[in-house]
Protein chains: 2
Amino acid sequence: MEEMAMGFRFFPTEEELISFYLHSKLELEDDDKASNIHRVIPILDIYRLDPWQLPSHCGELCHGDTEQWFFFMPRQEREVRGGRPSRTTASGYWKATGSPSHVYSSENKVIGVKKSMVFYNGKAPTGRKTKWKMNEYRAIKEDPTSSTPMLRHEMCLCRVYVVSGSSRAFDRRPTSAAETSSAGDVK
Amino acid sequence: MEEMAMGFRFFPTEEELISFYLHSKLELEDDDKASNIHRVIPILDIYRLDPWQLPSHCGELCHGDTEQWFFFMPRQEREVRGGRPSRTTASGYWKATGSPSHVYSSENKVIGVKKSMVFYNGKAPTGRKTKWKMNEYRAIKEDPTSSTPMLRHEMCLCRVYVVSGSSRAFDRRPTSAAETSSAGDVK
């Protein structure tokens, strides 16, 4: 795991993200036990930073990745008290696009819910859309006694990414840190 | 490298494929020295097999990958004798799409040439297009005394893949082996 061969990188499926990483994190309440997981996906209050500051905080096993970055985001204090989450940062705000959607396992079982967001520079509602996007994943509580699936809200998993412009992930060139660390408006 | 963490997989950039894997292979003429490279990308005469037979021959470090498979393909005997390569298999044939294109490094230097192909079931020219595709990469000979870039023809690197239908690689679900090992016409 330490000496990763050239070309190997963290490229998880949504199922791996939810069924392995998010569930492991939710079950390993002790941060020490989760330390190997944090080397891939660290805990971060992502709204304390602007999106282009996030890549440098990614997991140590993912350093050098230039397309997407993963973080565990604990529930905000205001949410615990029954309020709505705040998604405002120093330079702008994250805004949901579309409705949340289900995430399925390879056996077609609903394992989680995904919310997609875009970052806007400036103040709502007049901010300018940027290339920074995010998927926020929540896991479904496995409760055989309940027929209604319940979400686990204490922790979500965020995938932050930039829209590359290339429709096929394979064609991407290794972009320089400078390119991905700037706050660019959508061209 | 042996115990790859969940979600890590071979997802190389084209630059990594050419500048590291193909060049290493071309320079390490001794197969023993290249054995670590063959664990990722084995040598295979891919035209001896139909495309859906290829995934099971991929490198041992890539087992379980369901989207793309990489092989080194030595120059065919008939090409050495000055003929054209034969891209016919038992069930059909590979046919080029478009013109070959250059592959660039992150410093915008031309490092290779890419040829794209689609597999057709049946006999040319009446075969039926399938979902099986391929990129064939050749490296450029580094010769400071020559102003014309020359291709190295003794070995190419092939990326075989299936078109998933999902425009974003991230949204893919882990597909079952059965799904990707069948010869499907394009829907």
Side-chain angles (χ1 to χ4, degrees), chain A residues 1-24 36-37 39-41 59 61-62 64-68 70 101 103-109 111 114 116 133 135 157 159 161 163-164 166-179, chain B residues 1-24 36-37 39-41 59 61-62 64-68 70 101 103-109 111 114 116 133 135 157 159 161 163-164 166-179:
Chain A
M1 194 156 134
E2 304 303 300
E3 291 180 33
M4 206 115 53
M6 178 73 78
F8 284 81
R9 42 179 58 90
F10 191 48
F11 226 91
T13 61
E14 295 186 319
E15 183 173 26
E16 287 168 335
L17 277 184
I18 291 179
S19 299
F20 179 77
Y21 283 100
L22 186 48
H23 271 285
S24 300
N36 269 329
I37 284 176
R39 297 181 64 202
V40 182
I41 305 179
L61 292 181
C62 301
D65 284 358
T66 56
E67 286 177 44
Q68 49 180 4
F70 299 89
S101 60
V103 180
Y104 296 86
S105 73
S106 40
E107 286 87 33
N108 274 316
K109 202 182 124 196
I111 53 172
K114 169 165 78 167
S116 297
K133 302 206 170 188
N135 298 138
L157 199 167
R159 170 185 174 245
Y161 62 102
V163 179
S164 68
S166 162
S167 63
R168 279 170 44 215
F170 184 72
D171 280 341
R172 70 201 187 283
R173 298 190 202 168
T175 48
S176 68
E179 268 183 90
Chain B
M1 191 157 135
E2 305 305 300
E3 293 180 29
M4 206 115 53
M6 179 73 78
F8 284 80
R9 44 179 56 90
F10 191 47
F11 226 92
T13 62
E14 295 187 318
E15 183 173 25
E16 288 168 335
L17 279 184
I18 293 180
S19 298
F20 180 76
Y21 284 100
L22 186 48
H23 271 285
S24 300
N36 270 328
I37 284 176
R39 297 182 64 202
V40 182
I41 306 179
L61 292 180
C62 301
D65 284 358
T66 55
E67 286 176 45
Q68 50 180 6
F70 298 89
S101 61
V103 180
Y104 296 85
S105 72
S106 41
E107 286 87 32
N108 273 317
K109 203 181 124 194
I111 54 173
K114 169 165 77 168
S116 296
K133 303 207 170 188
N135 299 136
L157 199 167
R159 170 186 175 244
Y161 61 103
V163 180
S164 68
S166 162
S167 62
R168 278 170 44 215
F170 184 71
D171 279 341
R172 70 201 187 283
R173 299 189 203 169
T175 49
S176 68
E179 267 182 272

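Numbers restart at 1 for each chain; the letters A, B, ... are given by sequence-line order, proteins then strands.
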Tell me, side chain or backbone of B:Phe10 under 4.5 Å from chain A's heavy atoms, or both, or neither?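 Both the backbone and the side chain of B:Phe10 come within 4.5 Å of chain A.
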Closest approach of A:Phe8 and B:Cys62, non-hydrogen atoms and distance?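 So the minimum-distance heavy-atom pair works out to CZ-SG, 4.3 Å.
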To check you understand the geometry: which heavy-atom pair defines the closest contact between A:Arg9 and B:Phe11, and what is its length?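 So the two residues come closest at NH1-O, 2.6 Å.
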